Every structure is written in structure tokens, then in C-alpha cells.
Amino acid sequence: MEFFLDTANLDEIRRANAQGLMDGVTTNPTLLSHEGGDWRSQMEAICQEVDGPVSLEVVGESAEEMIREAEDLSAFGDNVVIKIPMTSEGLVATRTLYRKGVQTNVTLVFSPLQALMAAKAGATYVSPFVGRLDGIGHDGMELIRQIRTIFDNYDFPTKVLVASIRHPMHVLEAALIGADTATVPFKVLSELVKHPLTDKGLAQFNADWDKLNK
Ligand code: G3P
């Protein structure tokens, strides 16, 4: 299972990289806005810091605009994946980029049929947003199960990239379902490492070691 970091923050990227936990990065306009500054320099720095795929999102609404932006964003590195919204125009852009051999990540996917359309258009990744679905009383992980089934039924090579992850259970369920990738916020990635019994056990070992050395 691939772990991507859902961030535009370089400190978080460096920390996850040092732990060997990060296979790639996903960004979006909101995450970049949290960092402030010049988004071009930020994107370039992220692409240099990361060995694996880095998703950079287009903001144009027409396919032509998205394709133009994709050309611009691709210049930041060989590892750039163009993130495209799940719209009718977005599918045209996805198909055009697929024909040119450019990797794409179709984002803002909320239904299994949207995922199927993105796969048919030739998307490299689809990003279903589980946390936002849970937030309106739907079952985000059920969407992942349905997409996994559809892609397996027809051997689509498109990867299921679980996005909008809110807590460790989302990551666990994604792994059990067989999602290819989870894009995880740094906070959740840190929570995956922790266990209260690890902390308790460590405190006990340290206390006993101190007793032994008195
Ligand atoms: O990067 C896309 C996705 O992970 C966004 O998540 O937290 O804004 O719902 P969120």
C-alpha cells in the first residue's frame, strides 16, 4: 500500500520522509493557501523534496485551460501528477493528458460511477473523499469498497487513492479493502505510530532500568 502525505508543508514532508513513511505527496489549492507565499516556489520545492509522485492541482474550468496548466505544472519535475476535478471538462483533459502520457489524479470523487468514468478516461489515480462523505452522513468507506470492486471486475489499472482521511480507522479500512494508496494528513500519520501500551511499556522499562542502576 502506498502512503502519500496530504500536505503542502515542507517540514511535514521532510519528517515523514525521514521515517520512510512517504511514497508521494498530494496537494490542493487549500493546502497551498495554508503555506502562503509564492505557490510556484512552493510547488517546485515540494517536487524536489519528494522522490515519488506529487499531485499538483489545476484550477481552470475548461479542458483547454486545464491542459495548458498541466503543461506549466509538469515543468516543476518529472514526478508531477496533474490533479484534475471530476467534471465533464476534467474528463476531456484527463483523456487528452492520458494520450500524451501524462499522469493524472482525478479528484473530488464522491460516487462509484464518477470513479468508473475517470478510469475509463484513463486516470492514473482517482481520489474518493471519504471524510467529506462521512461528514454529511454517508459511508465514505463503502464508496472505496464499491470502487475497488468495479476496478477489479474490469481490470482497470487506475489506482484507488483514498483521500480526505480524518483518522487512523480510515487508513486501516482502506488497507483492509485493498485501496492502492491513502493520502494521509501529517497529524493522522503521526497517530498511526502511537499506541498507549507502547508508551506504558516504555515507561516501565525505563523505570526498571533506573532501579537496576541505582
Ligand atoms: O487532497 C484532497 C483531500 O485529501 C482533501 O481532504 O480534508 O480537505 O477533506 P479534506
Side-chain angles (χ1 to χ4, degrees), residues 1-59 69-85 97 102-109 123-132 140 144 159-175 179-199 201-203 205-206:
M1 185 185 194
E2 288 178 316
F3 272 7
F4 289 175
L5 203 60
D6 202 21
T7 190
N9 182 283
L10 285 168
D11 291 337
E12 292 181 353
I13 289 170
R14 288 183 189 123
R15 179 76 186 146
N17 225 353
Q19 293 175 320
L21 294 178
M22 198 191 64
D23 300 303
V25 163
T26 53
T27 68
N28 61 39
T30 304
L31 292 170
L32 281 156
S33 77
H34 293 161
E35 301 308 310
D38 172 40
W39 59 267
R40 286 185 161 276
S41 324
Q42 192 69 11
M43 283 183 177
E44 197 168 12
I46 294 169
C47 291
Q48 278 171 9
E49 198 70 38
V50 179
D51 287 334
V54 176
S55 288
L56 302 178
E57 190 157 342
V58 298
V59 291
E69 280 180 67
E71 281 167 14
D72 184 32
L73 297 176
S74 294
F76 289 129
D78 294 339
N79 50 349
V80 171
V81 174
I82 304 300
K83 207 168 179 188
I84 296 178
L97 293 171
V102 177
Q103 298 215 316
T104 53
N105 172 359
V106 174
T107 190
L108 291 164
V109 167
T124 316
Y125 297 91
V126 287
S127 287
F129 279 28
V130 293
R132 293 196 197 183
I144 305 304
K159 290 185 175 181
V160 182
L161 195 174
V162 181
S164 187
I165 282 180
R166 297 277 183 267
H167 48 70
M169 282 306 290
H170 277 151
V171 182
L172 175 61
E173 285 187 65
D180 301 281
T181 314
T183 188
V184 188
F186 186 76
K187 183 177 167 290
V188 176
L189 194 70
S190 309
E191 285 164 359
L192 299 183
V193 178
K194 289 184 203 151
H195 196 286
L197 289 180
T198 305
D199 296 343
L202 191 58
F205 285 152
N206 286 339

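In this chain, residues are counted from 1 in sequence order. The structure displayed is predicted, hence computed values, not measured ones.
- Here OG1 of Thr124 is found 10.5 Å from CG of Leu161. Values are rounded to the nearest 0.5 Å.
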Show your reasoning for whether side chain to side chain contact (heavy atoms under 4.5 Å, CB included) applies to Ser127 and Val106.
CA-CA 6 Å; Ser127 287; Val106 174; over 6 Å; no

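- Atom CD of Glu191 and atom CZ of Phe186 lie 11.0 Å apart (nearest 0.5 Å).
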Let's go through Ile144 and Glu173 carefully: what are the C-alpha distance in whole Å and the side-chain angles of both, what is the deciding distance for side chain to side chain contact (heavy atoms under 4.5 Å, CB included) to 0.1 Å, and is it a yes or a no?
CA-CA 9 Å; Ile144 305 304; Glu173 285 187 65; over 6 Å; no

Between Asn9 and Glu35, is the side chain to side chain contact (heavy atoms under 4.5 Å, CB included) condition met? List the steps.
CA-CA 7 Å; Asn9 182 283; Glu35 301 308 310; 3.2 Å; yes

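- Annotation: the span from Asn105 atom CG to Asn28 atom CG amounts to 10.5 Å, rounded to 0.5 Å.
- For the pair Lys83 (side chain) and Thr104 (backbone), a donor-acceptor distance under 3.5 Å is absent.
- With values rounded to the nearest 0.5 angstrom, Ile46 atom CD1 is found 9.5 Å from Glu49 atom CD.
- Listed here is the closest heavy atom pair of Val80 and Ile82: CG1-CD1, 3.7 Å.
- Looking at heavy atoms from C-beta onward, Met22 lies out of side-chain contact with Phe3 at the 4.5 angstrom threshold.
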Side chain to side chain donor-acceptor pair (under 3.5 Å) for Thr181 and Glu2? Distances and angles first, verdict last.
CA-CA 5 Å; Thr181 314; Glu2 288 178 316; 2.7 Å; yes

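- In this structure, the separation between CG on Leu21 and CG on Leu192 is 8.5 Å, given to the nearest 0.5 Å.
- Between the side chains of Thr183 and Thr26, a donor-acceptor pair is found at a separation under 3.5 Å.
- In terms of heavy-atom proximity, Ala179 sits nearest to Met1 at O-CG, 4.0 Å.
- At least one side-chain heavy atom of Pro53 sits less than 4.5 Å from a side-chain heavy atom of Tyr125.
- Put simply, CZ on Phe4 and CD1 on Ile165 are 11.5 Å apart, with the number rounded to the nearest 0.5 Å.
- A 4.5 Å side-chain heavy-atom check between Glu12 and Leu5 finds at least one atom pair inside the cut-off.
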Apply the test side chain to side chain contact (heavy atoms under 4.5 Å, CB included) to residues Arg40 and Phe76: give CA-CA distance (whole Å), side-chain angles for both, the deciding distance (0.1 Å), then the verdict.
CA-CA 9 Å; Arg40 286 185 161 276; Phe76 289 129; 3.6 Å; yes

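- Gln42 places a side-chain N or O within donor-acceptor distance of the main-chain N or O of Ala8, the cut-off being under 3.5 Å.
- When the shell of 6.0 Å around CG of Asn206 is examined, it contains more than 12 heavy atoms from other residues, nucleotides or ligands.
- Taking 4.5 Å as the limit, every side-chain heavy atom of Thr107 sits out of range of all side-chain heavy atoms of Ile84.
- Under the 3.5 Å distance criterion, the side-chain polar atoms of Asn79 are matched with a main-chain donor or acceptor of Cys47.
- Here the side chains of Leu56 and Val54 are in contact, with some heavy-atom distance below 4.5 Å.
- Nearest heavy-atom pair, Pro29 versus Val59, reported as atom, atom and distance to 0.1 Å: CG-CG1, 4.0 Å.
- More than 12 non-hydrogen atoms from other residues, nucleotides or ligands lie less than 6.0 angstrom from CZ of Arg166.
- Counting heavy atoms from C-beta on, the side chains of Val25 and Ser55 never come closer than 4.5 Å.
- Nearest heavy atom pair, residue Arg132 against residue Leu108, reads NH1-CD2, 4.1 Å.
- Counting only heavy atoms from C-beta outward, the side chains of Asp38 and Glu44 never approach each other to under 4.5 Å.
- Heavy-atom minimum distance, Ser164 versus Val130: O-CG2, 3.7 Å.
- Between Asp6 and Lys187 there is no salt bridge, since no side-chain N of the basic residue sits under 4.0 Å from a carboxylate O of the acidic one.
- For the pair Leu73 and Val58, the minimum side-chain heavy-atom distance is below 4.5 Å.
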